[in-house]
2 protein chains.
Amino acid sequence: MSIEPVRRLRRSPEAARQNILEAAERLLLDRGPQALKLVDVAKGAGVAHATVLHHFGSIDGVQTALMEQMIRQLVVQILTAVRPVDPAEQLESVGQVLFDAFESAGGARLAAWLELTGETRRLTIVRAAVEEVISGPMAQKGIAPETATNLILVAVSLAMGVGLIGRSLAELVGRPPESTRQAALDFLNAGLAAALKP
Amino acid sequence: MSIEPVRRLRRSPEAARQNILEAAERLLLDRGPQALKLVDVAKGAGVAHATVLHHFGSIDGVQTALMEQMIRQLVVQILTAVRPVDPAEQLESVGQVLFDAFESAGGARLAAWLELTGETRRLTIVRAAVEEVISGPMAQKGIAPETATNLILVAVSLAMGVGLIGRSLAELVGRPPESTRQAALDFLNAGLAAALKP
DNA sequence: GGCTCTATTGACATTTTTGTAGGTAACTCT
DNA sequence: AGAGTTACCTACAAAAATGTCAATAGAGCC
């Protein structure tokens with residue numbers, strides 16, 4: 001009886017890293033940052049934990065790579081949605097886009113993670129994006145930079161809060177989970193409209 | 001030369017627990033949940049780590065005790081501020097109170113911690129508080145329960161977002177750290193006023 | 001003073017998590 | 001086909017974190 005060699009899947013370095021990062025992201029989003037253990041990430045990715053170390057050097061390497069990737073994705077997601085579209089009814093969709101980015105795609109959890117671990121410096125990339133929006137679509141609508149900045153600060157904060165605790169909060173007061181989002185969206189749109197009228 | 005016995009501070013069980021919880025809270029607030037290590041908590045409290053275990057049984061015991069205490073404090077802080085005061089200019093102060101509770105006192109960080117670790121069920125105590133506010137001060141102002149609930153959902157979400165990422169966000173776009181809070185407060189008050197006028 | 005109770009501790013033990021080393025197998029290129 | 005490269009693995013080692021235990025020392029009580 002011959003011993004048959006163990007079959008091995010061999011990915012490209014990029015594919016391997018991506019596979020691992022996806023596993024890590026899944027863990028982060030549905031079990032929280034403290035679930036980002038080397039062995040668990042490896043198990044989720046279907047590889048040996050030594051393989052994770054081979055590609056990222058350390059568990060910290062995995063974390064920072066994940067942070068950077070998620071930040072990039074978040075920025076791209078928002079920018080592609082807000083960027084030069086027809087400036088007509090865009091206003092109402094901005095809320096939708098923001099809330100989607102922060103709720104469905106784990107933007108809120110990412111931000112919370114960064115904040116709680118003191119890694120907000122990684123967000124500096126976002127600054128350029130914000131300025132693009134202020135001087136692009138918003139300026140086109142005749143919104144002064146000062147006002148634009150304030151609106152962004154508020155809208156993002158709101159999206160953050162809703163994305164993070166919106167569902168729990170609604171359930172807590174005996175409402176359907178989406179009701180926080182809906183209420184916040186209405187409130188935001190009303191406020192935006194009011195702020196841009198006079 | 002005689003060996004002199006080691007001097008020991010002996011607290012009451014309650015004082016000992018409190019001392020430890022305060023150390024844990026400090027760690028949580030300025031280093032994040034993953035900094036809640038047994039040894040570090042003990043060091044912060046100035047006791048041996050075995051002492052922590054004696055009082056709380058396990059590190060999980062410390063965490064849940066901390067969660068419960070912080071939740072209690074949060075609820076009390078908000079309720080005592082919102083409760084039966086003169087119903088006159090109370091409206092403007094509500095935002096202040098909420099924002100204080102979620103920002104200065106680590107309400108936002110607490111909530112984020114609970115959310116990320118899936119411990120939101122601990123918040124059920126809050127439900128009673130919310131109902132008290134809805135049927136108390138808010139009803140007195142003639143706000144329908146439906147509207148009241150929506151307003152609370154939005155206001156709390158906003159306070160959450162501002163409390164957690166407000167400062168970082170402002171700095172990110174080159175503004176003074178308090179500007180997010182200020183903008184959010186204005187926006188909230190304007191929205192509240194509008195929602196209660198007609 | 002002597003006694004009891006227990007908060008406190010250092011030393012040890014266990015478990016969890018992370019990291020290292022060396023060999024194996026998959027792929028590319030010639 | 002053969003050689004070189006390296007993604008991947010198993011086995012081991014180290015470190016970090018949690019938990020156990022028996023002894024010690026404050027404090028109240030007789």
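Here is how names work: the chains are called A, B, and so on, in the same order as the sequence lines, proteins then strands, and each is numbered from 1.
The phosphate of dT9(C) (OP1 or OP2) has a side-chain N or O of T51(B) nearer than 4.0 angstrom.
Across every non-hydrogen atom of R11(A) and A45(A), the tightest pair is NH2-O, 3.9 Å.
Ionic pairing of R181(A) and E178(A) is not present here: no N-O contact between side-chain nitrogen and carboxylate oxygen is shorter than 4.0 angstrom. Classification of R127(B) and E171(A) as a salt-bridged pair fails, no side-chain N sitting under 4.0 Å from a carboxylate O.
Mapped onto DNA chain D by nearest heavy atom, L36(B) and L9(B) fall at different nucleotides, with L36(B) at the one closer to the 5' end. Annotation: of the two residues near DNA chain C, V47(B) and R10(B), the 5′-most nearest-nucleotide partner is R10(B).
At most 12 heavy atoms of other shown residues, nucleotides or ligands fall within 6.0 angstrom of atom CZ in R31(A).
Listed nucleotides dT9(C), dC9(D), dG19(D) differ in distance to A50(A); the shortest reach to its side chain belongs to dC9(D). Closest approach to the I59(A) side chain among dT8(C), dT18(C), dT20(D) is made by dT18(C) (side chain taken as heavy atoms from C-beta onward). The side chain of L38(B) sits closest to dG19(D) out of dG19(C), dA7(D), dG19(D).
Rounded to an integer number of Å, the gap from CG of L53(B) to P of dA13(C) is 17 Å. Rounded to whole Å, the distance from NE2 on H49(A) to P on dA13(D) is 14 Å. Separating the NZ atom of K37(B) from the P atom of dT15(C) is a distance of 19 Å, rounded to the nearest angstrom. Taking atom CD on Q34(B) and atom C1' on dA16(D), their separation rounds to 15 Å, with Å as the unit. Look at NE2 on H54(B): it is 17 Å from P on dA23(D), rounded to the nearest Å. With rounding to whole Å, F56(B) atom CZ is found 11 Å from dT8(C) atom P. The separation between H55(B) atom NE2 and dT18(D) atom P is 18 Å, rounded to whole Å. Between R7(A) atom CZ and dT24(C) atom C1' there is a gap of 13 Å when expressed in whole angstrom units.
When heavy atoms are screened at a 4.0 angstrom cut-off, A48(A) is found touching base atoms of the nucleic acid. Contacts of S58(A) with the nucleic acid, taken as non-hydrogen atoms under 4.0 Å apart, involve only primed sugar atoms and P, OP1 or OP2.
Exactly one residue among V82(B), V94(B), T149(B), I152(B) makes a side-chain contact (heavy atoms from CB on, under 4.5 Å) with M138(B). That residue is I152(B).
You won't find any donor-acceptor pair under 3.5 Å spanning the side chain of R8(A) and the base of dA25(C), going by distance alone.
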